[in-house]
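First the structure, in the form of structure tokens, and then the observations on it.
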Amino acid sequence: MTGDERKTKAELIAELDGLRARLDHGHGEAGPPDADELPLFIFEMDLEGTFRFANRYALESFGYSEADLRGGLTLPDIIHRDSIHRVRHNLARLLSGQDFEQEEYKAVRRDGTTLPVKVYSQPMRQDGEIIGVRGVVIDVSEIRMVEDALRKSESHYRTLFETTGTAMVLLGRDAVIKSCNSQFCLISGCMREDIEGKMSWMDFVPLDERERMTRYQEYREKRIGDPPTDYEFNFLTKDGKHRRIHLFVRNVPGTDDRVCSLIDVTERDETLRALRKSEERYQLMARGANDGLWDWYLGSNECFYSPRYREILGYTEEEFPNHMDSWLNSLHPDDREKALAANKDCIDGKVEQFQVEFRQIHKDGSIRWILGRGGSSRDENGKVYRISGSHTDITQRKFNERTTHALYAISTAVNTTRDLRELYQTIHAIIGEVIEAKNFFIAMRDEERDILRFVYFQDEMDDYFDIPNISDPGQSSLTIHVFRTAAPLHLSQADPDAESRMASIGVIGTPPAAWLGVPLRQGDRVVGAMVVQDYENPRRYSGEAATFLTAVSEQVAMAIERKTIEEALTRLNEDLEDKVEQRTAEIEARKAELEEANRRLMTLDEIKSSMVSSVSHELRTPLTSIRGFAKLCAKDFSRYFIPLAEGDKLSAKGSRIQGNLQIIDTEGERLTRLINDFLDINRIESGKACWNDEILNPAEIIRDAVASASGGFDASKSVELDTVLTDTARRIHADPDKIKQLLINLLNNAHKFTRQGRVTVTMREQDGLLTVSVSDTGSGIPEDEIGYIFEKFHKSRLGDTVRNVEQGTGLGLAICKEIVEHYGGIIRVESALGQGSVFTFTLPTVPADGNTCPG
């Protein structure tokens with residue numbers, strides 16, 4: 001191979017290197033555009049050594065398929081064991097920071113055959129982190145074979161010609177193709193026997209390319225100028241399609257023949273077009289983004305700044321040259337150390353990437369908040385030689401954050417400060433964290449006295465005083481102007497008309513270099529003003545400061561209002577506390593009196609209970625004798641005197657005496673029931689009742705009570721008594737006599753008020769409650785009496801009974817209520833006049849498992 005030929009090959013490899021670099025910027029996870037069609041071995045591999053992508057050309061060349069790739073094709077599958085250690089060593093170097101790697105290794109196909117390859121590779125990054133390696137593999141076996149053949153003998157020319165891997169033709173002076181290799185046949189689509197000695201080179205050149213090709217050949221034959229020895233043109237295939245070909249032309253020394261090497265770059269051109277579109281798209285996005293780009297070469301200290309970078313800071317290229325000092329000089333003094341430390345960590349290799357927020361000074365003196373991001377590049381020795389990144393203007397974001405923080409801090413200050421004075425100091429401190437507020441005051445209107453009061457005043461030049469008669473149009477000042485116009489006012493001596501404006505409005509005290517005031521509103525009313533001022537820097541306050549102060553003014557006004565109300569409430573509470581203490585003393589005295597009265601009442605109640613018990617017992621003794629002697633007299637009278645009566649007059653007299661004796665017994669029985677009821681209700685209320693509780697079967701108790709009350713129903717014969725009981729029910733824990741008394745009272749009450757019809761007792765159990773109902777078809781209860789039916793001594797205005805034979809005590813239902821409530825139950829009544837009544841009570845059942853019992 002001649003020197004010229006070696007140079008051409010080197011140029012070709014360099015071009016492939018450039019293509020690889022452009023491919024690297026033009027594709028994502030799925031590989032480069034049309035990578036499957038490129039006659040190159042293109043791959044992407046993760047950090048574990050597993051191939052994520054390989055183009056079809058590479059897979060077919062190594063004897064693998066897409067399925068093998070998906071199944072997990074790894075580095076040892078294609079790299080020979082003799083080279084695997086060196087590959088891994090070089091990969092480690094590459095991933096440790098070396099930006100580009102190219103090495104030659106021994107590869108192995110699936111069938112076990114080996115081949116030499118050259119690998120061009122570099123790290124893949126995502127969000128600044130290395131996630132793998134991508135690159136291009138070139139089969140150099142043919143080149144190595146050709147080089148070996150050339151070194152041995154010129155007789156190997158045919159081998160070179162045929163196996164170079166590049167389409168080649170040998171042309172005579174007349175441009176007839178003397179010979180061609182198989183690769184040319186593949187590109188042209190023609191058979192070798194149809195080409196050699198039969199077809200001209202122009203048969204493969206389109207009409208629009210022939211004039212240029214003929215001119216080059218003429219220059220070459222006549223040695224005119226320096227015609228190109230390699231260039232691109234459109235190649236015409238057998239089927240009439242065009243392929244883009246890179247042509248290399250060399251004259252064969254000592255002959256008129258020419259050797260042409262052809263590389264099909266059709267897919268490359270399509271890829272490059274896609275890359276150009278991608279690059280254009282990236283440039284458009286970069287121009288449209290809010291980011292400024294920078295690139296710092298550490299050795300020369302040169303730093304490239306993009307136009308957008310300078311635009312953020314308001315500088316031209318001449319004012320902000322491409323040198324690191326430009327950035328250093330623009331740093332805010334308070335953030336210089338933080339920004340330099342972040343860059344230094346990256347330069348020293350402690351981190352691959354960094355992110356830091358800091359301030360830079362704009363050309364006009366204002367402050368810009370910057371979010372700086374950067375990453376490092378390393379040389380072949382792993383040393384960082386370059387860092388680059390972007391600057392994002394986050395001034396508005398920081399302004400919004402500080403405004404939000406200030407609003408929250410002011411709102412919470414109401415709860416954390418003791419009084420208005422401390423609240424004003426806190427508000428001053430909060431505002432001073434965002435804008436310069438060395439000179440700051442708050443003025444509030446006193447409507448009653450027509451005064452503008454400076455409730456808080458901090459100023460390095462003047463002392464404060466209240467402004468009277470603010471409703472007088474002749475009274476003026478900058479603060480009064482804000483109050484009257486209800487609009488922010490920003491004045492700066494940097495403005496040409498500042499002095500005339502201040503003079504027209506009126507200035508009290510030392511004229512400021514910059515003055516900014518905003519109104520304080522409570523609803524639709526302007527109640528005051530808040531002001532900051534500076535005596536030195538006329539550009540101290542920008543539109544951003546005015547926006548901030550306006551944004552927090554409403555919260556400030558609200559906080560002042562709440563604190564004012566809070567202090568008023570505190571004073572009111574103190575007054576109320578004094579009154580409450582006085583009233584409490586009176587109540588305590590009254591409470592002592594009531595407690596003494598209650599003790600006396602309890603004593604009287606005990607005396608009453610003892611008296612009722614004693615009187616009841618004393619009454620029952622003679623009453624028993626009265627009833628006994630009345631029954632004995634009635635019996636003797638019927639046996640001995642009635643038979644002696646003669647005549648109607650004596651018979652009538654005898655019957656009357658019998659009736660009177662019966663009345664004595666009946667009323668005595670009624671009086672006995674009354675006494676017993678008195679005793680029962682007295683014992684229950686006084687807590688002296690005896691409750692002999694036990695586990696009961698509710699169905700059995702109900703049946704016993706119904707049996708006891710059935711005598712009265714049988715005697716009347718006009719009222720039927722029914723029961724509807726469940727076969728099984730959970731047990732209850734109660735005194736059987738008390739439950740029986742409860743049921744008999746309800747049954748007797750239902751019987752007394754039912755002339756004819758039915759009285760029904762039902763029982764059901766659900767959710768741990770036993771429910772028993774006694775319903776009748778009697779006269780019912782008036783609606784206005786239902787609320788009093790369970791009170792002691794209450795009797796219906798319809799009469800005690802429908803029969804007007806017996807008179808009740810008015811204690812039976814009260815006793816029922818006391819018994820039910822003693823066991824934690826509820827008793828209630830539902831009734832409608834003329835439609836009967838339903839008395840229902842509930843009792844809790846025993847919660848233990850297995851407490852069901854037969855009915």
Side-chain angles (χ1 to χ4, degrees), residues 1-19 39 138-188 190 192 195-206 209-237 243-266 268-269:
M1 180 180 292
T2 65
D4 286 342
E5 290 170 332
R6 291 192 184 94
K7 179 181 178 181
T8 302
K9 193 62 178 179
E11 292 171 352
L12 173 59
I13 293 174
E15 182 179 356
L16 291 174
D17 289 346
L19 173 60
I138 297 179
D139 181 1
V140 297
S141 56
E142 292 183 351
I143 296 175
R144 297 296 170 262
M145 290 171 61
V146 169
E147 290 176 348
D148 184 65
L150 288 174
R151 282 192 297 269
K152 291 179 179 179
S153 174
E154 200 57 43
S155 64
H156 288 212
Y157 165 74
R158 174 54 59 185
T159 303
L160 170 64
F161 185 75
E162 190 61 40
T163 63
T164 185
T166 302
M168 298 185 70
V169 293
L170 180 64
L171 305 178
R173 182 180 179 83
D174 54 1
V176 173
I177 298 174
K178 293 184 175 181
S179 62
C180 66
N181 63 2
S182 56
Q183 193 66 27
F184 182 83
C185 297
L186 183 63
I187 292 176
S188 65
C190 300
R192 180 177 298 180
I195 298 174
E196 293 180 344
K198 299 177 182 177
M199 299 184 70
S200 168
W201 174 251
M202 291 302 173
D203 292 333
F204 300 99
V205 178
E209 296 276 14
R210 289 184 180 180
E211 188 275 333
R212 178 167 67 109
M213 303 282 274
T214 302
R215 185 172 67 254
Y216 288 166
Q217 175 58 21
E218 183 179 350
Y219 289 167
R220 201 171 288 112
E221 290 176 354
K222 295 180 180 180
R223 302 185 184 279
I224 299 174
D226 187 18
T229 58
D230 69 283
Y231 54 89
E232 292 184 5
F233 75 103
N234 291 326
F235 182 86
L236 184 65
T237 64
R243 306 289 296 178
R244 192 66 177 172
I245 298 296
H246 196 116
L247 178 67
F248 298 85
V249 182
R250 290 291 185 273
N251 291 321
V252 178
T255 69
D256 294 329
D257 296 340
R258 302 187 306 277
V259 175
C260 299
S261 299
L262 299 85
I263 298 178
D264 189 344
V265 295
T266 306
R268 184 208 67 180
D269 280 5

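Treat the numbers as computed from the prediction; the structure is a model and nothing was measured.
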With a 3.5 Å distance limit and no angle check, can you tell me whether [X] reaches the backbone of [Y] through a side-chain donor-acceptor pair?
X      : Y      : answer
Asp230 : His246 : no
Arg173 : Thr255 : no
Thr266 : Arg244 : yes
Arg258 : Val249 : no
Glu196 : Cys180 : yes
Asn181 : Met168 : yes

How far apart are the closest heavy atoms of [X] and [Y], and which atoms are they?
X      : Y      : value
Asp203 : Leu236 : O-CD2, 4.1 Å
Ile245 : Asp264 : CD1-CA, 3.6 Å
Asn234 : Pro206 : O-CD, 2.9 Å
Thr166 : Ser261 : CG2-CB, 4.0 Å

Is Glu209 paired with Arg212 through a side-chain N to carboxylate O contact shorter than 4.0 Å?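 A salt bridge is present here (some side-chain N lies under 4.0 Å from a carboxylate O).
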Can you tell me how far apart [atom1] ([X]) and [atom2] ([Y]) are? Round to the nearest 0.5 Å.
X      : Y      : atom1 : atom2 : value
Trp201 : Thr214 : CH2   : OG1   : 12.0 Å
Ile177 : Arg192 : CD1   : CZ    : 12.0 Å
Thr229 : Arg220 : OG1   : CZ    : 8.0 Å
Ile224 : Arg215 : CD1   : CZ    : 11.5 Å

For the residue pair [X] and [Y], establish whether any side-chain heavy-atom pair is separated by less than 4.5 Å.
X      : Y      : result
Val169 : Ile195 : no
Ile263 : Phe248 : yes
Met213 : Leu247 : yes

Hey, would you say the Phe204 and Phe184 ring centroids sit under 6.0 Å apart?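 Between Phe184 and Phe204, which both carry aromatic rings, the centre distance is below 6.0 Å.
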